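Remember, it's 1-based here, ligands and their atoms both numbered in the order they're listed. Note that the structure is predicted; figures quoted are calculated from it, not measured.
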Amino acid sequence: TSDTVAPAAAASGASATERFFADKASSAAATPTERVDLLAREVLDAVHATIRRHKVTYEEYNALKAWLIGVGQDGEWPLFLDVWVEHVVEQVATESREGSKGSIEGPYYVPGAPEPSAGTTLPMREAEKGTPLLFQGQVRSVSGEPLAGARVEIWHADDDGYYSQFAPGIPEWNLRGSVIADEAGRFRIHTVQPAPYQIPTDGSCGKLIAAAGWHAWRPAHLHMKVSAPGHHLVTTQLYFTGDEHVFDDIASAVKPELILDPRPTGDGAGREVTYDFVLDPA
Ligand code: MBD
Ligand code: FE
């Protein structure tokens, strides 16, 4: 659009790589030797089996090699892994939970967002584009008690599908907030409806998508981290009914429980939806 510079893959990729190293890479637990041996061997065995089954040629091997080198040069390892691998890690990690369904975090979470009060408006530009959206609900434990003072972190793309801190020209904390629920565990967050998100088409992930004849879209979504002392944090995403890609997400991260159906607000100017979160005991 005219007032935003289109983000290049290399710029958002570099930011996502930097973000990952700052928050996650150093805290990753050391994996025991036997476990690395097992997992690395099985993954390599699967690669070898694919090469044999499909008689992969030297041209194809070199195309793969060039592509893998490019993923790193574009800073797109966070994007690639979160789009095509993370959903299975998330399923395995949360399969024994009884509370709210989770979904993948993706590459664009930033800790330490501003903490507005429970009936709040997310940081946004003076004339932020998009349909106003009131997102409200309550945080409870699996036993049904309201979780006073629960934290509801929310981050999402703007009406052009861009995330602050990963696309140029957007204020630092735009459409990001860390909201503390009230004594009844309730929160009310005023924001705008996010647009569907398209994976950058000018980087290595875009090249794979084009070469394989896939599409680059994720359905519009809100990202959330909901937490309370003594409970498991839930990382999730919420989607919108009727979205063209809601059952055709390039990141395979939609679950039926995560689809919202907002209603028009009384004044007709925006939409509102209620969604409650249920947290498992830690
Ligand atoms: C996103 O916005 C996202 O949520 C994921 C999982 C991957 C790429 C972009
Ligand atoms: Fe996202």
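Less than 6.0 angstrom separates the ring centroid of Y163 from the ring centroid of Y197. Taking the six-membered ring for Trp and the full ring otherwise, the centers of F166 and W155 sit at least 6.0 Å from each other.
Around the Fe ion (ligand 2), protein atoms of type N, O or S found under 2.8 Å number 3.
Of the candidates Q165, E153, R19, K24, E153 is the only one forming a side chain to side chain donor-acceptor pair (under 3.5 Å) with Y109.
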Query raised in the report: Please walk me through it: do F135 and F187 pass ring-ring contact (aromatic ring centres under 6.0 Å, His included)?
Result: CA-CA 8 Å; F135 177 73; F187 59 87; 5.6 Å; yes
Query - Working for side-chain contact (heavy atoms from CB on, under 4.5 Å), residues W67 and L208 - result: CA-CA 8 Å; W67 181 79; L208 171 62; 3.9 Å; yes
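Across every non-hydrogen atom of V152 and V139, the tightest pair is CG2-CG2, 4.0 Å.
Around the NZ atom of K225, the shell of radius 6.0 Å holds more than 12 heavy atoms that belong to other residues, nucleotides or ligands. The number of heavy-atom neighbours closer than 6.0 Å to CD of E257, taken from other residues, nucleotides and ligands shown, is above 12.
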Which protein N or O atoms sit under 3.5 Å from any N or O of ligand 1? Give atom names and distances.
from	atom 1	to	atom 2	distance (Å)
ligand 1	2 (O)	Y163	OH	2.9
ligand 1	2 (O)	H221	NE2	3.3
ligand 1	4 (O)	R218	NH1	2.9
ligand 1	4 (O)	H221	NE2	3.2
ligand 1	4 (O)	H223	NE2	2.9

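The existence of a salt bridge linking D276 and R140 is confirmed by a sub-4.0 Å separation between a basic side-chain nitrogen and an acidic carboxylate oxygen.
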